[in-house]
Amino acid sequence: MHIKKRLIVHVQGYDPRGLAQHYRRYRSELQKFAALYGVKTKITRPVADHSNSSISSWTTDAEASDGSWQTHTHYDFLRWEDLIKRNMEWPAWRTVISANAIYCRQLLDGTLLKFMKASWRFGAFYSYAQLVFAIEAVLSLIGAFVVERGLHFVGLSLFVSIPVAIVVFLILLGALFKLLDGRTYTLYLMSDQIFTWNYAHRRHPEWDERVEQFARHLVEVTKKSDADELIIVGHSSGSFLGLEILSRALEIDPELGHRGPKAMLLTIGANLPIVGFLPVSRAFRERLQKLAVEPSIDWVDCQSVTDVMNFYPFEPVTGHGIRVGKAQRNPRIMDVKFRDIIDPKNWNTFRRHPFRGHAQFFMANEQPNAYDFFMMMCGPVSLGDRATNPTAALTIAVGDAAARKQAWSELGLPPVEIAS
């Protein structure tokens with residue numbers, strides 16, 4: 001199918017900056033995309049949905065320089081930043097205690113071992129915040145020990161030196177934690193761990209209500225849309241939230257995928273197991289199983305070995321212990337090689353910044369590649385065709401007229417006619 005109109009429903013990850021940050025980045029990255037491929041683009045400003053302020057939308061028009069294709073994209077951004085900010089309002093001490101208690105519980109019940117077996121890189125990353133805190137605690141303990149020994153040396157009793165050392169330990173730990181947090185992001189990562197745990201245990205009814213609202217929005221927009229393709233995009237924690245929204249929408253309206261635009265789920269930089277591996281998440285795994293065999297939905301999961309914050313390599317269905325045999329049709333996994341996307345001169349800098357690597361999934365490429373977020377959002381090739389034949393999709397973006405004609409033929413489609 002040649003895509004002329006596309007509907008995007010973007011489910012953000014755990015990012016308190018929300019709409020403002022995402023829209024600014026989308027707009028600036030769209031300009032880089034346009035420059036890379038010689039595409040003409042226009043973008044409108046975001047507008048809040050009249051019936052739900054948690055949804056903001058904008059549109060993008062894109063056109064190839066030779067006029068060989070044109071697309072119009074309506075982009076719905078589902079907002080959680082108010083709920084995320086509320087989660088992050090806890091005092092630092094409460095966040096640290098709660099996150100470490102959750103981590104210890106996951107260590108004891110075997111969840112962390114499952115993380116390591118599924119993707120040792122993610123398992124190591126998940127443990128990063130606790131490791132940083134442990135190092136800070138050890139350094140603070142050494143400082144407190146030195147103080148206690150000094151007080152003991154000048155003749156003070158243990159009844160005085162030990163309480164003083166405890167106070168010094170707490171002061172040093174608090175100071176180190178606060179001083180280094182801007183570089184280590186420890187507090188943010190611990191808050192994310194707490195959110196995921198509480199969400200899986202259904203301790204955030206306001207999140208469940210928002211999922212319900214978004215699912216109903218998805219049902220309504222697909223009834224009205226004349227788009228050729230619908231893509232529900234879930235990045236990072238947005239992967240399991242997007243899956244829940246889509247699954248709930250299918251429960252509300254089982255015909256969702258059978259009428260209107262072709263429905264696709266795109267998970268990028270996904271971390272489904274942080275919910276799915278928890279013993280309490282039976283309902284989530286049941287939804288995952290239904291989506292694995294759902295004939296009306298195509299699901300593409302994009303993973304990269306460079307990104308330590310996604311599960312790689314990981315098969316989202318069988319990796320959760322779900323066995324549906326030959327009935328399984330989802331997801332199709334795309335192995336994204338960031339080394340082929342990033343300019344070689346920037347590669348060493350890129351790989352040293354894990355958060356930058358995690359965000360690359362929805363940023364502009366520095367080199368043309370079959371994986372290109374903005375081509376998925378604004379290009380003429382459907383997501384399903386791109387996943388099935390990435391070489392042909394890339395050729396349509398960068399090849400000459402003859403090569404593009406051949407690429408469209410490989411996708412079983414006639415070439416786009418250039419308007420005279």
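Values below: every heavy atom of this structure, side chains too, minus hydrogens, waters and symmetry copies.
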Worksheet entry | Test item: Ser54 and Arg210 side chains (from C-beta on) under 4.5 Å apart, heavy atoms | yes
Worksheet entry | Whether Thr186 side chain and Ala129 backbone form a donor-acceptor pair below 3.5 Å | no
Worksheet entry | For Val300 against Ala387, the heavy-atom pair lying closest together | CG2-CB, 3.9 Å
Fill in: For Ser57, the option from Asp49, Asp76, Thr44 that meets side-chain hydrogen bond (donor to acceptor under 3.5 Å, both in side chains)
Asp76
Item to complete: Would you tell me whether Glu366 and Gln360 have side-chain atoms, one donor and one acceptor, within less than 3.5 Å of each other?
Response: no
Fill in: No-hydrogen, no-angle side-chain donor-acceptor test under 3.5 Å, Asp372 and Asn365
yes
Worksheet item: Counting distance only, does the side-chain N/O of Asp307 pair as donor-acceptor with the main-chain N or O of Ser304 below 3.5 Å?
Response: no
Discussion item. Less than 4.5 Å apart, side chain to side chain, heavy atoms only: is that true for Leu241 and Trp207?
Written reply: yes
Worksheet item: salt bridge (Lys or Arg N to Asp or Glu O under 4.0 Å): which pairs involve residues 193-204, sequence neighbours left out?
Response: Arg202-Asp208, Arg202-Glu244
Side-chain donor/acceptor pairs under 3.5 Å, residues 260-276, sequence neighbours excluded:
residue	atom	partner	partner atom	Å
Lys262	NZ	Asp298	OD2	3.3
Thr267	OG1	Trp299	NE1	2.9
Thr267	OG1	Asp301	OD1	2.6

Item to complete: Under the side-chain contact (heavy atoms from CB on, under 4.5 Å) rule, collect the residues that match up with Pro254, sequence neighbours excluded.
Response: none
Discussion item. How close do Val308 and Phe125 get, counting heavy atoms only, and between which atoms?
Written reply: O-CB, 3.7 Å
Worksheet item: So, do Trp58 and Thr60 sit near enough that their side-chain heavy atoms are less than 4.5 Å apart?
Response: yes
Discussion item. Taking Leu394's backbone N and O only, do any of them form a donor-acceptor pair with Arg386's side chain (distance below 3.5 Å, no angle check)?
Written reply: no
